[in-house]
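Here's the structure we're looking at; comments come further down.
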Amino acid sequence: MAKKDKKKKSSAALRILLIDASNYIHRGYWAVEALSNSDGFPTNAIKGTINIILKDIKELKPDRVVICFDKGGKKNWRSEIYPEYKRSEARVKQKEDDTYANIRPQFKPIKALLKAMGFRTIGKKGVEADDLMATLATEFSAEGHEVLISTNDKDLAAMVTHNVFMVTAKERELLDPVGIKLKYGVKPTQIVDYLMLQGDKVDNIPGVTKCGPGTAAKWLQQYGSLKNLLDNVDDFKPAAPKRKGGVQKPFPIVIQNLIAAKKHFKLTRKLVTLKCDESHKVTLSNCVLGTPDWNKIKRLCDKYELNETHKEIKKVMGNVETSVSRWAL
């Protein structure tokens, strides 16, 4: 179910918010109408992203925050085992349109502004943000803390447990295992199989042709796992012809596609399974919200002509700064 209220925790337990930076930046870009400063530099993603994060702070009231970035410059392990990873036609077109050209330059000032606001940001060459988030969620939840994962990426739904939640984008409700089942039709433990069946056209991960989310969920609700589904594929075999000499009908097309997809399931399982043991330098101490660098915040907001954003930062982060003891160990 969606969990609206902060649950009671022991005095030692903390609420830790993990943010998918790329997801937020794209959401922020589309949340604000076209905007630029007097030099023509686009600024709507800056404004939109900061607005979303400030709203998180006000509504979710986390004790710790880590903002995870994808960092280019090195092939990640998925590309090494599958060179076609993220080389889809959709991504090629995306990089050719104006949206990509407008969003990319805004990553650097967003990161600079977040650091000036006192947030812990992380990124590692060759490592995707999802794997960093999965690693942090695993470690912090094992220590008994409540972890909130804020992203639209379905693969991170596999991390949801009794103390790891996904945050819905609009309502900011916290999805527990029951909430994930209501949203996707499958349990968190079935998400990997669910993604394997569908594949991912944007990331260029092969799946079962003509198997959408509804079909994938229906199969997993009935059989529990992809392995059990494949073990019982004869359940889908059409009945034998009633009259002698009748023609045996073939499997339905989608089942034929399922059988054909078996050859790449070993690969796709690796591609859609998150890595939960990435090395990093995040600790409970260094992801406490630091004291904002008010001078730098003002310089950045002046440069990009974001007066309203500057006012909102002072309002929200000023309140956090005056109650800094809540964030300390």
Can a donor-acceptor pair be found between the side chains of Thr168 and Glu171 at a distance below 3.5 Å?
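Side chains of Thr168 and Glu171: pair found under 3.5 Å.
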Indicate whether the side chain of Asn204 and that of Asp200 have a donor and an acceptor atom separated by less than 3.5 Å.
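There is no such pair (donor and acceptor under 3.5 Å, judged by atom type) between the side chains of Asn204 and Asp200.
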Hey, could you give me the [atom1]/[atom2] distance between [X] and [Y], rounded to the nearest 0.5 Å?
| X | Y | atom1 | atom2 | result |
| --- | --- | --- | --- | --- |
| Ser79 | Lys86 | OG | NZ | 8.0 Å |
| Asn307 | Lys298 | CG | NZ | 8.5 Å |
| Ile57 | Ile52 | CD1 | CD1 | 13.0 Å |
| Met196 | Leu226 | CE | CG | 5.0 Å |
| Asp203 | Tyr85 | CG | OH | 4.5 Å |
| Leu113 | Tyr304 | CG | OH | 9.5 Å |

Can you list the steps and then say if Leu230 with Phe265 is a side-chain contact (heavy atoms from CB on, under 4.5 Å)?
CA-CA 11 Å; Leu230 291 170; Phe265 279 151; 4.1 Å; yes
Would you indicate whether the side-chain heavy atoms of [Y] and [X] approach each other to under 4.5 Å?
| X | Y | result |
| --- | --- | --- |
| Trp30 | Asn44 | no |
| Leu289 | Met317 | yes |
| Val65 | Val288 | no |
| Phe41 | Gln106 | yes |
| Thr49 | Arg27 | no |
| Val66 | Leu136 | yes |
| Leu174 | Leu60 | yes |
| Phe140 | Val282 | yes |

Please report the shortest heavy-atom distance between [X] and [Y], naming the atom on each side.
| X | Y | answer |
| --- | --- | --- |
| Arg120 | Cys287 | CB-CA, 3.8 Å |
| Pro109 | Pro105 | CD-O, 3.1 Å |
| Leu17 | Ser150 | CD1-CB, 4.1 Å |
| Ala134 | Leu156 | N-CD2, 4.1 Å |
| Asn163 | Ser141 | ND2-O, 3.2 Å |
| Pro42 | Asn102 | CG-O, 3.5 Å |

Flag the pair Arg15 and Glu146 as a salt bridge only when some basic side-chain nitrogen lies within less than 4.0 angstrom of an acidic carboxylate oxygen.
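Glu146 and Arg15: salt-bridged.
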Output side-chain donor-acceptor pairs under 3.5 Å for residues 178-192, partner residues at least two apart or in another chain, one line each.
residue: Gln190; atom: OE1; partner: Lys187; partner atom: N; Å: 2.8
residue: Gln190; atom: NE2; partner: Leu220; partner atom: O; Å: 3.2
residue: Gln190; atom: NE2; partner: Gly224; partner atom: O; Å: 3.0

With sequence neighbours left out, write down each residue that passes salt bridge (charged side-chain N to carboxylate O under 4.0 Å, His left out) with Asp231, or none if nothing qualifies.
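Result, salt bridge (charged side-chain N to carboxylate O under 4.0 Å, His left out) vs Asp231: Lys227.
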Between [X] and [Y], is there a donor-acceptor pair closer than 3.5 Å when you use the side chain of the first and the backbone of the second?
| X | Y | value |
| --- | --- | --- |
| Lys266 | Lys263 | no |
| Asp70 | Ala129 | yes |
| Thr43 | Ile46 | no |
| Glu143 | Thr138 | no |
| His145 | Ile16 | no |
| Asp153 | Asp155 | no |

Determine the sole option in Leu114, Ile50, Ile53, Ile67 for which the side chain to side chain contact (heavy atoms under 4.5 Å, CB included) test with Tyr24 is passed.
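Filter result, single survivor: Ile53.
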Qualifying residue, where the test is side chain to side chain contact (heavy atoms under 4.5 Å, CB included) with Cys301 and the options are Lys311, His310, Lys314
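When side chain to side chain contact (heavy atoms under 4.5 Å, CB included) is applied between Cys301 and each of Lys311, His310, Lys314, only His310 qualifies.
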Lys154 atom NZ, neighbour heavy-atom count above 12 within 6.0 Å:
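No, NZ of Lys154 has 12 or fewer neighbouring heavy atoms, counting only those of other groups under 6.0 Å.
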Mark yes when over 12 heavy atoms from residues, nucleotides or ligands other than Glu33 sit less than 6.0 Å from its CD; otherwise mark no.
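No, because the 6.0 Å sphere around CD of Glu33 holds 12 heavy atoms or fewer from other groups.
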Salt bridge (charged side-chain N to carboxylate O under 4.0 Å, His left out): which pairs involve residues 35-56, sequence neighbours left out?
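Every salt bridge (charged side-chain N to carboxylate O under 4.0 Å, His left out) pair that includes a residue of residues 35-56, provided the two are not neighbours, is Lys47-Glu308, Lys55-Glu59, Asp56-Arg172.
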All N/O donor-acceptor pairs, side-chain side in residues 249-259, below 3.5 Å, sequence neighbours left out:
residue: Gln256; atom: NE2; partner: Phe251; partner atom: O; Å: 2.7
residue: Asn257; atom: ND2; partner: Thr209; partner atom: O; Å: 2.9
residue: Asn257; atom: ND2; partner: Ile253; partner atom: O; Å: 3.4

Which pairs count as side chain to side chain donor-acceptor pair (under 3.5 Å) when at least one residue sits in residues 269-284, sequence neighbours excluded?
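Checked against side chain to side chain donor-acceptor pair (under 3.5 Å) - neighbours excluded - the pairs reaching residues 269-284 are Lys124-Ser279, Glu139-His280, Asp193-Arg269, Thr283-Asn286.
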Pairs involving residues 214-223, ordered by first then second residue, that meet side chain to side chain donor-acceptor pair (under 3.5 Å) (sequence neighbours left out)
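Non-adjacent pairs meeting side chain to side chain donor-acceptor pair (under 3.5 Å): Tyr223-Asp235.
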Run the side-chain contact (heavy atoms from CB on, under 4.5 Å) check on His162 and Asp176 step by step: do they pass?
CA-CA 7 Å; His162 69 284; Asp176 60 9; over 6 Å; no
Take Thr121 and Phe69 through the test side-chain contact (heavy atoms from CB on, under 4.5 Å) and record every step on the way to the result.
CA-CA 7 Å; Thr121 66; Phe69 282 81; 4.0 Å; yes
Test side-chain contact (heavy atoms from CB on, under 4.5 Å) on Leu271 and Tyr82 and set out the steps.
CA-CA 8 Å; Leu271 294 174; Tyr82 183 54; 3.6 Å; yes
Stepwise salt bridge (charged side-chain N to carboxylate O under 4.0 Å, His left out) check, Glu312 with Lys58
CA-CA 11 Å; Glu312 190 64 16; Lys58 288 188 292 184; 3.2 Å; yes
